[in-house]
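Reading through the structure tokens given below for one structure.
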Amino acid sequence: MSTDAPRYRFAPSPTGYFHVGGARTALYNWILAVRQGGTFVLRIEDTDESRNQPQWTQGIIDALAWLGIDSTDPHFEGPYFQSANAAEHVAAAERLFASGHAYYCDLTSEQIQERAKQTGTTGYDGYSRDRGLGPGEGRVLRFRVPEGHTIVKDLVRGDVDFDNATIEDFVLLRGNGTPVFLLANVVDDILMRISHVVRAEEHLPNTPKQQMLWDALGHGAPQWAHVPVLVNEQRKKLSKRRDKVAVEQYREEGILADAMRNYLMTLGWAPAGDTEIVEWQSIVESFRLEDVNHSPAFFDVKKLQAFNGEYIRLMSIEQFVEQAEVILMSPGVPWPADRYRPEMFRAMAPLVQTRVAVMAEVVPMVDFLFLAEPPTDDASFTKAFSGDVAASTLEEIAVEFESITWNVEQIKSAVEAVGERHGIKLGKLQAPLRVAVTGRSVGPPLFEPIELLGRDETLRRIRLALARARR
RNA sequence: GCUCCCAUCGUCUAGUGGCCUAGGACACCACCCUCUCAAGGUGGCGGCACGGGUUCAAAUCCCGUUGGGAGUGCCA
């Protein structure tokens, strides 16, 4: 491999479900690595921290693969685990101490706070800078921040100038000797020859510190790029506690991977032209960090669903059936597995496809076909049968149904005939019928599923509803 | 508090000094289509935060104000 092929990295920590914000950052890195013939390194930042759980690591890998970021692709490298490099992190810290870039300090957090309080300042004041302390139990290693300014050259934001005087001598090694994130992160990036660090904006304030570390360790800093965070309707950074951010959850609801990645790419950036729904390939070809917006973007589930609906309608009927059956044949479904009839769903599929935004909505659209009894919705039932002629016209429809040829056209004309007799429009007339057969007041077109259900079952359901209406 | 970032319709965005009486998408509203609901079609509502400059010309450049956000850990 050529040494100047760019190396990007994505470095999540396995502390929970995979976050949509992380997904977007991963996508950015992936697109750039693929297009530039470079590498996407996945590094799991699992250093200490009680929150880390092994199962989250697999979750990240699965979610990335779902989005098309796959270890079978030659651009993919990893996963690496930060914890495996602990010795390197400590060694780097020791080098920094040996070269005078870092020093030990024996102050406790409480003592530091006490000193700050007395001088009316905040943070650490550099107390041990020149005390010449060596390593020891409970002593932390701190970086000696040099005087001057640190300019972070950022592909998204341009040059950002930090006055080093505003940056305190930060900790590299904890009192127990373990390295902190800042150090581990930089050392790993150096070790893995990372050339481009593309990550969320929240890391921007850390960046001058990391850049000083790169310098002190004898390396030129990588190309930085800080992309805006994703926010909720309150304009706060998306949080796992408060907001619905799990990629897995959207996936389970039936958001399509193509829709998710396309939508994610329209946050902070937009494909050229008047359409937002575009081929993935064209995004890969045209995405540029320089074009990424500078302000936070609201993650709008409604718009995600609209995108998903578009993608659903873009599918061929075969693809739609295949995707739908992932949910229809899953254990979460309300009917016993052996009552599912693939041929029935296939017949209904075109009618369902234009009516769902997420795949999970397919279930309530066809459940009445597979359930022994239609679901009961008291409010719909009461409303549908509230008119004085509702029951009697349904009765007449049942009579017609007994003798007609059983197909969609005849079923429809039978209902229409009853309507004409009473001067009632089809739209109104079908309400009691719909509730009797499907249990709901809205749903896909009625006559097709009635044909599918068969004469006997349809009549049975009508009589049952009639009996109930007359109670 | 301090440091840094940001500011075009409600939301996501196009716009990089004249093509902008600011374009598209989602949402919303109306109408058409229609067996309910959708989908689809047509139309509508709605925005350059504010104040100063620079310029023949500013949404676009500069300064300030205001408003948002992020970071301020011996978390990552």
Side-chain angles (χ1 to χ4, degrees), chain A residues 11-15 45-52 82 105 107-109 112 121-124 138-142 152 154 156-157 160-163 165-168 170-182 184-185 200-208 226 228-229 231 233-237 263 266-277 291 293-300 302-307 309-310 312-313 351-357 361 365 384 411-412 415-416 419 425-431 433-435 438 440-448:
Chain A
S13 54
T15 57
E45 308 227 315
D46 60 343
T47 43
D48 79 355
E49 194 64 29
S50 49
R51 304 182 317 201
N52 290 335
Q82 184 155 72
C105 174
L107 253 37
T108 63
S109 306
I112 291 168
T121 56
T122 53
Y124 180 69
R139 292 182 180 174
V140 301
L141 184 69
R142 285 182 181 271
V152 171
D154 191 288
V156 173
R157 282 152 210 286
V160 185
D161 185 338
F162 294 87
D163 183 350
T166 66
I167 302 172
E168 67 177 36
F170 51 93
V171 171
L172 261 22
L173 252 29
R174 303 187 182 93
N176 64 8
T178 58
V180 302
F181 153 76
L182 216 57
N185 194 262
E201 184 187 8
E202 62 205 82
H203 292 283
L204 186 54
N206 277 330
T207 308
H226 290 89
V229 293
V231 297
E233 47 275 85
Q234 279 80 239
R235 305 242 114 223
K236 303 278 190 219
K237 188 173 76 163
Y263 174 64
T266 66
L267 262 24
W269 181 81
D274 278 347
T275 25
E276 293 180 309
I277 308 273
D291 296 335
N293 267 192
H294 297 184
S295 38
F298 170 48
F299 184 80
D300 186 349
K302 271 228 175 108
K303 190 159 178 177
L304 203 213
Q305 290 181 342
F307 268 53
E310 291 251 7
I312 286 175
R313 277 168 249 123
L351 304 176
V352 175
Q353 188 173 11
T354 57
R355 266 162 260 259
V356 293
E361 289 171 0
M365 211 129 259
I411 293 167
K412 186 179 181 192
V415 178
E416 278 169 343
K425 285 231 169 81
L426 196 48
K428 190 178 176 197
L429 190 64
Q430 55 97 45
L433 211 213
R434 177 180 290 280
V435 171
T438 74
R440 300 174 200 278
S441 55
V442 298
L446 230 203
F447 306 120
E448 287 80 356

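Each chain gets a letter, A, B and so on, in the order the sequences are listed, and its residues count up from 1. All values below were derived from every heavy atom in this structure, side-chain atoms included, with hydrogens, water molecules and symmetry-related copies excluded.
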Paired with B:C61 by Watson-Crick or G-U wobble geometry, both distances under 3.5 Å: which nucleotide is it? B:G53

Any N or O donor-acceptor pair under 3.5 Å from the base of B:G24 to the side chain of A:Glu276? yes

Is any side-chain N or O of A:Lys302 under 3.5 Å from a base N or O of B:C26, one able to act as donor and the other as acceptor? no

Please pick, from B:G24, B:G69, B:A76, the nucleotide with the shortest atom-to-atom distance to any side-chain atom of A:Lys236. B:G69

Scoring nucleotides 30-39 of chain B by protein non-hydrogen atoms under 4.0 Å (B base, S sugar-phosphate only, - none) yields -----BBBBS

Set out, line by line, the N/O atom pairs under 3.5 Å between protein and nucleotides 61-65 of chain B.
none

Comparing A:Leu107 and A:Val156 on RNA chain B - which has the more 5′ nearest nucleotide: A:Val156

Suppose we define a pair by two distances each less than 3.5 Å, Watson-Crick or G-U wobble; what does B:C26 pair with here? B:G10

Please check if any side-chain donor atom of A:Asn293 sits under 3.5 Å from a side-chain acceptor atom of A:Ser295, or the reverse. no

Can you find an N or O donor on one side and an acceptor on the other, under 3.5 Å apart, linking the side chain of A:Lys303 with the base of B:A25? yes

Counting only side-chain N and O atoms of A:Asn293, is one of them less than 4.0 Å from OP1 or OP2 of B:C12? no

Report the nucleotide, chosen from B:A7, B:U11, B:C74, that has the shortest atom-to-atom distance to any side-chain atom of A:Arg235. B:U11

Parallel, tilted or perpendicular: which fits the ring planes of A:Phe299 and A:Tyr263, with parallel below 30° and perpendicular above 60°? perpendicular

